[in-house]
Amino acid sequence: MTLSTRTTATATAPHALDDEQVEEELLRVDPATLVVGANVRLDPRLRKTYVDNVRQRGVLEPVIAYLDDNGRLVVLRGQRRTLAAVQAQRPWVRVMVVPKPDEADRLTDQVTRTITGNPSPSLSV
């Protein structure tokens with residue numbers, strides 16, 4: 001893993017605790033080393049054109065991941081980007097490392113994002 005940037009963001013939401021700090025890291029990581037965690041999208045269905053685009057241009061938006069208890073990066077957002085980068089044999093992707101989320105929050109966020117943002121053919125509203 002190669003460190004590209006390290007940022008510290010202060011939570012400013014009205015419900016946030018005073019002086020709450022969230023530390024994030026932006027890394028360059030071999031996509032084959034990422035762990036694609038449990039995902040509500042059971043079948044990511046990567047189209048050939050999507051993989052070809054990733055092969056030519058790389059992954060344009062960072063994958064969001066957290067470090068698990070064993071020090072592995074687990075993908076929170078970016079399952080399809082990660083899998084396409086592996087298929088396209090990209091040497092690295094940018095990964096924003098964030099704090100490990102609560103499991104209930106992770107699932108709720110994933111379902112909402114999948115249905116409203118980029119639904120799988122197997123999911124319907």
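Of the residues Val74, Leu67, Asp69, the one that meets the side chain to side chain contact (heavy atoms under 4.5 Å, CB included) test with Lys100 is Asp69.
Applying the side-chain hydrogen bond (donor to acceptor under 3.5 Å, both in side chains) criterion to Asp68, with sequence neighbours excluded, gives Arg72. Not counting sequence neighbours, the partners of Gln87 by the side chain to side chain contact (heavy atoms under 4.5 Å, CB included) test are Leu46, Val51. With sequence neighbours left out, the side chain to side chain contact (heavy atoms under 4.5 Å, CB included) criterion links Ala65 to Leu73, Val95.
Contact annotation: the side chain of Leu60 never approaches that of Arg81 to less than 4.5 Å [non-hydrogen atoms, C-beta and beyond]. Considering only heavy atoms from C-beta on, Val93 stays 4.5 Å or farther from Thr82 through its side chain. Residues Leu26 and Pro62 meet the side-chain proximity criterion, which asks for heavy atoms closer than 4.5 Å. Looking only at side-chain heavy atoms (C-beta outward), Ile64 and Val75 stay at 4.5 Å or farther from each other. Residues Asp30 and Thr33 have side chains in contact (heavy-atom distance under 4.5 Å, counting atoms from C-beta outward). At a threshold of 4.5 Å between non-hydrogen side-chain atoms, the residues Tyr66 and Pro99 do not count as touching.
Put simply, CG on Asn53 and CZ on Arg47 are 13.0 Å apart, with the number rounded to the nearest 0.5 Å. Taking CZ from Arg55 and OG1 from Thr49, the interatomic distance works out to 11.5 Å, rounded to the nearest 0.5 Å. Met96 contributes atom CE, which lies 10.5 Å from atom CZ of Arg77 (distance to the nearest 0.5 angstrom).
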Is there a side-chain contact (heavy atoms from CB on, under 4.5 Å) between Trp92 and Val29? Walk through the geometry before answering. CA-CA 5 Å; Trp92 58 267; Val29 179; over 6 Å; no
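In the hydrophobic clustering of this structure, Val63 does not group with Val86; members are Ile, Leu, Val, Met, Phe, Trp, Tyr whose side-chain heavy atoms approach within less than 4.5 Å, directly or through other members.
Judged by distance alone, with hydrogens and angles left aside, the side-chain atoms of Arg90 form no donor-acceptor pair with the main-chain N or O of Pro31 at under 3.5 Å.
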